[in-house]
2 protein chains.
Amino acid sequence: MNTPQMTRNQALVFDVLEKAEAPLSAYTILDKLRDQGFRAPLQVYRALEKLLEYGVVHRLESINSFVACAHPGEDCHSHGIVAFAICESCGQVIEFHDHEVDHRLMGWVRSQKFKPAKTTIEIRGTCEACAA
Amino acid sequence: MNTPQMTRNQALVFDVLEKAEAPLSAYTILDKLRDQGFRAPLQVYRALEKLLEYGVVHRLESINSFVACAHPGEDCHSHGIVAFAICESCGQVIEFHDHEVDHRLMGWVRSQKFKPAKTTIEIRGTCEACAA
DNA sequence: ATTGCACACGTTATAGCATAACGCAATTGA
DNA sequence: TCAATTGCGTTATGCTATAACGTGTGCAAT
């Protein structure tokens, strides 16, 4: 997909995510946008839905949060499966793409005649800076 | 970890999960155990916490649900990283272990000096039986 | 120009997931 | 016996996500 023009709400949400140092929950985003007129969760969720569709934002399932894609200007859907390392101490996220992992996983699902739609790989732990 | 004796609540929760054909949410488990005296979510969550610790139950992050481990009698923590294929139509879950995937992912986190604690791999899609 | 459609938006309400904080009872081990 | 630990029950609360309704705007087909 190539990214259409963002609406005002989408741009506001994306901007907050891009400037954040760590993934944000929808409600945290909402709070950051109250001054811009945001009032209800749905305003955030609707924007996020589109941003996910455009491939400029990722959802981190294991922490119910959202993060801007590390490859600005590109559609992350084109990178194959994305893996994330999430620091549980500072929240920092590292994004990673590995074709071998893709290949193994897709080979397996294929052998099961399973038709994959969306794949999540998330590694929670401690980043270098936060390690004791 | 080797599994200590389960308490009554843990056994009830585990039993419900083992007999289920698909992952269950904590609240669904609660409803199934009302007749056994369960009243509050915490009774379920506390049992689940232990069952996860014992390695006899998995949490599926992407659907906020829980499933009994496919390897009864063993501690799933010993199998390395576990991947799940989750059918979005019928709910069925297939469990999978692949050392090559483990190896690639762990090699990568190592190169990042990232210390992994818990890894999630979940593939949502359609199982063979549910495919059109 | 008018009609119809698609889409984004705003609002209220509600559903679904998870934990905090309190107190009690049973068990264990010093 | 005493203290520490663990499990349990209950109430209350907080966080995450969506349903349902209505409004406005832009645009294309007639």
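All values derive from a computational prediction rather than experimental measurement. Just so it is clear: chains get the letters A, B, ... in the order the sequence lines come, proteins before strands, and each one is counted from 1. Because only heavy atoms are used, hydrogens play no part in the values below, and waters and symmetry mates are left out as well, while side chains stay in.
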Quiz item: Using a cut-off of 4.0 Å on non-hydrogen atoms, how would the nucleic acid contact of B:A26 be classed: base, sugar-phosphate, or nothing?
Solution: nothing
- Does A:Q43 make a side-chain N or O approach to OP1 or OP2 of C:dG10 shorter than 4.0 Å? yes
Check whether any side-chain nitrogen or oxygen of B:Y27 sits under 4.0 Å from OP1 or OP2 of C:dG16, and answer yes or no.
no
* Asked: Can you check whether A:N64 has a side-chain N or O nearer than 4.0 Å to OP1 or OP2 of C:dC17?
  -> no
Could B:E49 and B:R46 be called an ion pair, given the rule that one side-chain N must be under 4.0 Å from one carboxylate O? no
Whole-Å distance, A:R8 CZ to C:dG10 C1', equals 13 Å
note: A:N9, atom CG; C:dG10, atom C1'; distance rounded to Å ~ 9 Å
Side-chain atoms of B:A40 come closest, of D:dT10, D:dC8, D:dA17, to D:dT10
| request: Compare side-chain N and O positions of A:T7 against OP1 and OP2 of C:dA8 and report whether any pair is under 4.0 Å apart. | output: no
From the list B:V82, B:V93, B:L17, side chain to side chain contact (heavy atoms under 4.5 Å, CB included) partner of B:H58 resolves to B:V82
Here the distance between atom C1' of C:dT12 and atom CG of A:L42, to the nearest Å, is 11 Å
Which donor-acceptor pairs under 3.5 Å do side chains of residues 109-120 of chain A form with protein atoms, sequence neighbours excluded?
| unit_1 | atom_1 | unit_2 | atom_2 | d |
| --- | --- | --- | --- | --- |
| A:S111 | OG | A:W108 | O | 2.6 |
| A:T120 | OG1 | B:R124 | NH1 | 3.0 |

(message) Would you say A:M6 ends up clustered with A:V13 if hydrophobic residues are merged whenever their side chains have heavy atoms under 4.5 Å apart, either directly or through other cluster members?
(response) yes
Considering only heavy side-chain atoms of B:P41, the closest of D:dT18, D:dG9, C:dT19 is C:dT19
Against the side chain of B:Y54, the closest entry in D:dA20, D:dG7, C:dC9 is D:dG7
Rounded to whole Å, CG of B:L52 lies from P of C:dA18 at a distance of 11 Å
When rounded to whole Å, the CE to C1' distance for the pair B:M6 and D:dC8 reads 17 Å
Atom OH of A:Y45 and atom P of C:dC17 are separated, to the nearest Å, by 13 Å
A:L48 atom CG is separated from C:dA8 atom P, nearest whole Å, by 14 Å
Other residues, nucleotides and ligands only: do more than 12 of their heavy atoms fall within 6.0 Å of NE2 on B:H79?
yes
Whole-Å distance, B:R59 CZ to C:dC17 P, equals 11 Å
- Query: So what does A:R46 hit on the nucleic acid, given a heavy-atom distance under 4.0 Å: a base, only sugar-phosphate, or nothing?
  - Reply: base
